[in-house]
Amino acid sequence: MIAATLSVGFLPLIDAAPLIVAHEMGFAAEESIALELRRAPSWSSVRDMLSFGRVEAAHMLSPVPVASALGLGGTGTALSAVSVLGVNGNVIGVSNALAARLREHGHDFAFNNARTAGEALIAVADQPLRLGVPFPFSMHAELLYYWLSALGLPAPQSVDIRTVPPSLMADAMQAGEIDAFCVGEPWGSIAVENGVGTLLLPGSAIWRFAPEKVLAVRSDWASAEPDLLGRLIRAVWRAGRWLAEPGSPTLAAELLSRKEYLDLPAEILDRALNGRLVISAQGEERHVPGFVEFHHGAATFPWRSQAEWIGLQLAARTGLDRPTAARAARAVFRSDLFREALAPTRAELPGASSKMEGALSEETAVASTSGRLFLGPDSFFDGRIFEPSAH
């Protein structure tokens, strides 16, 4: 018996997979809820749909609820990130003209070295570099700012960041409006398929374990509907666990390819889900283990330290008070609600809700409910480690 129908906003991206799978594979029904998935054209549309109560939950860029808590670009509605939907899944692409200059410069497009790729890009690109991102407050923008600033290109002063909806990124590149982009799959691959771009790096080459999208709800709804929220979190968690099973990505690609979801060939979607990307119109392929992750390594856990990192990055760029921003950001990632929701399951949950970000270079056992949780590498490309506040 279905207890309630929850409407959920999403954008047509690979990392909407846990929501689509929860609906299509019956994980929502197992929790006695139905999901009404509503596709939106842009991230501002998704944010507004949630903020103004047109949906109960949303597939959302991880920095958006943090930015809203900091008073940046929001509607004044308090939003909570109750789960991470997916880790990584972004690509950085360049125009074919820029790719040709990079090859002339000697860059090999190895697709795994952010320092080498970034230094080559800075050396050959015109200034300011015009970069397309799907939203001003996004992991795409944060990764680009972090990457280029660490390599000596003072961002945002030396880059021209332009907001382009994911599905229009290839069109913007073809029109000559941007020189490069950072976008979630499959839209980087679409630029390659359309013959207008070449992929330079996966986002994971900059930060190995970046929280890309979150499951977001209004904070007042979370307080008013704890039972429904718990059912939703569990359904999506089970979908993420299913996605991590061998063979699931190929079936998931078929589901996502349907007209009401991404409406794209399953073969292109399968590339990202399996981490085997075609990076150029010449058919060059690169394999990226863990290109996008929905379950392993506590991928769905909303670490407060990740929220704090996002908050401090935003504060540094906008001139906000850092301690205030850190406190506000930490409160947005609701590890407490995630724990409550998964308490009835056999989920392996970390003992802490914050950790040093960037400290792991290999798979590492950590304190957890049953002592069997391993976190994967989460290093930043420049070796920096972010230590969150003590409280």
message: If you compare all heavy atoms of Leu229 against all heavy atoms of Val217, which two are closest, and at what distance to 0.1 Å?
response: CD1-CG1, 4.1 Å
query: How far does CZ of Arg286 sit from CD1 of Ile279, to the nearest 0.5 angstrom?
result: 4.0 Å
message: Would you say Leu168 ends up clustered with Leu13 if hydrophobic residues are merged whenever their side chains have heavy atoms under 4.5 Å apart, either directly or through other cluster members?
response: yes
message: Is it the case that the side chain of Asp108 and the backbone of Ala110 share a donor-acceptor pair, with hydrogens and angles ignored and the cut-off at 3.5 Å?
response: yes
message: For the backbone of Asp382 and the side chain of Arg115, can you confirm whether one donor and one acceptor N or O come within less than 3.5 Å of each other?
response: no
Test item: Leu153 and Leu151 side chains (from C-beta on) under 4.5 Å apart, heavy atoms: no
- prompt: With under 30° as parallel and over 60° as perpendicular, where do the rings of Trp242 and Phe27 fit, or are they tilted in between?
  reply: tilted
field: Whether Asp160 side chain and Leu129 backbone form a donor-acceptor pair below 3.5 Å
entry: no
task: Return yes when atom CZ of Arg54 has more than 12 non-hydrogen atoms of other residues, nucleotides or ligands closer than 6.0 Å, and no otherwise.
output: yes
message: Would you say that Leu243 contacts Pro18 through its side chain, given a criterion of any heavy-atom pair below 4.5 Å between the two side chains?
response: yes
- prompt: Cation-pi between Arg103 and Phe109: NZ/CZ under 6.0 Å from ring centre and within 45° of the ring axis?
  reply: yes
field: Steps toward side-chain hydrogen bond (donor to acceptor under 3.5 Å, both in side chains) verdict (Ser389, Glu308)
entry: CA-CA 8 Å; Ser389 306; Glu308 185 175 336; 2.6 Å; yes
message: Quick one: does any side-chain atom of Arg38 pair with a main-chain N or O of Val55 as donor and acceptor, under 3.5 Å?
response: no
field: Nearest-0.5 Å distance, CE of residue Met169 to CH2 of residue Trp187
entry: 11.0 Å
query: Quick one: do Phe374 and Val366 end up in the same hydrophobic cluster if we chain Ile, Leu, Val, Met, Phe, Trp and Tyr together by side-chain heavy atoms under 4.5 Å apart?
result: no
NZ/NE/NH1/NH2 to OD/OE distance under 4.0 Å, Arg271 and Glu267: yes
Arg101/Asp126 salt bridge by N-O under 4.0 Å criterion: yes
- request: Using the six-membered ring wherever Trp is involved, compare the ring planes of Trp207 and Trp309 and label them parallel, tilted or perpendicular (cut-offs 30° and 60°).
  value: tilted
field: Nearest-0.5 Å distance that lies between atom CZ in Phe333 and atom CH2 in Trp303
entry: 12.5 Å
query: Does a donor on one side chain and an acceptor on the other come within less than 3.5 Å for Ser62 and Gln306?
result: no
- request: For Glu387, look at atom CD and say whether over 12 heavy atoms of other residues, nucleotides or ligands are found less than 6.0 Å away.
  value: no
message: Please check: side-chain N/O of Thr364 versus main-chain N/O of Glu362, any donor-acceptor pairing under 3.5 Å?
response: yes
- prompt: So, do His23 and Tyr261 sit near enough that their side-chain heavy atoms are less than 4.5 Å apart?
  reply: yes
task: List the steps and the verdict of salt bridge (Lys or Arg N to Asp or Glu O under 4.0 Å) for Arg234 and Glu30.
output: CA-CA 10 Å; Arg234 286 190 295 275; Glu30 285 179 14; over 6 Å; no
query: For atom CZ of Arg258, is the number of surrounding heavy atoms from other residues, nucleotides or ligands below 6.0 Å larger than 12?
result: yes
Minimum side-chain heavy-atom gap Gln313-Pro63 below 4.5 Å: no
message: Could you report the tightest heavy-atom contact between Leu273 and Pro249, atom names first, then the distance?
response: CD1-O, 3.4 Å
query: What distance do Thr250 atom OG1 and Asn274 atom CG have between them, rounded to the nearest 0.5 Å?
result: 5.0 Å
- prompt: How about Val183 and Val91: do any of their side-chain heavy atoms sit closer than 4.5 Å?
  reply: yes
field: Donor-acceptor contact below 3.5 Å, side chain Arg330 vs main chain Ala307
entry: no
- request: Look at Arg130 together with Asp179 and state whether they make a salt bridge at an N to O cut-off of under 4.0 Å.
  value: yes
task: Look at the side chain of Trp147 and the backbone N and O of Ala114, then say whether any donor-acceptor pair between them is shorter than 3.5 Å.
output: yes
message: If you compare all heavy atoms of Val292 against all heavy atoms of Asn88, which two are closest, and at what distance to 0.1 Å?
response: CG2-O, 4.1 Å
task: List for me each residue that meets side-chain contact (heavy atoms from CB on, under 4.5 Å) alongside Arg208, sequence neighbours excluded, and say none if there are none.
output: Pro377, Ser379
query: Is it true that a side-chain atom of Glu185 and a backbone atom of Gly188 form a donor plus acceptor pair closer than 3.5 Å?
result: yes
message: Contact between Val8 and Glu56 at the side-chain level, heavy atoms closer than 4.5 Å - yes or no?
response: no
field: Leu264 side, atom CG; Ile190 side, atom CD1 - distance, nearest 0.5 Å
entry: 4.5 Å
task: Please confirm whether the backbone N or O of His296 pairs with a side-chain atom of Glu293, one donor and one acceptor, at under 3.5 Å?
output: yes
Residue among Thr198, Asn96, Leu199 satisfying side-chain contact (heavy atoms from CB on, under 4.5 Å) with Ser280: Thr198
- prompt: What's the shortest heavy-atom distance between Pro41 and Leu11, and which atoms?
  reply: C-CD1, 4.3 Å
- prompt: So do the side chains of Asn194 and Met173 get within less than 4.5 Å of each other, counting heavy atoms only?
  reply: no
statement: Smallest heavy-atom separation, Thr300 atom then Phe294 atom, equals CG2-O, 3.2 Å
message: I'd like to know if the side chain of Ser189 pairs up with that of Glu193 as donor and acceptor (distance under 3.5 Å, no hydrogens or angles considered).
response: no
message: Within the structure provided, determine whether Trp43 and Ser138 are in side-chain contact (heavy-atom separation under 4.5 Å).
response: no
- prompt: Would Arg304 and Ser335 count as having a side-chain donor-acceptor pair, cut-off 3.5 Å?
  reply: yes
message: Between Glu357 and Ser305, is there a side-chain donor-acceptor contact under 3.5 Å, judged purely by atom types and distance?
response: yes
- request: Identify the heavy atoms of Leu375 and Leu360 that sit nearest to each other, and give their distance.
  value: CB-CD1, 3.7 Å
query: Any side-chain donor paired with an acceptor under 3.5 Å for Arg238 and Thr345?
result: no
query: Say you draw a straight line from CG of Asp227 to CZ of Arg231; how long is it, rounded to the nearest 0.5 Å?
result: 4.0 Å
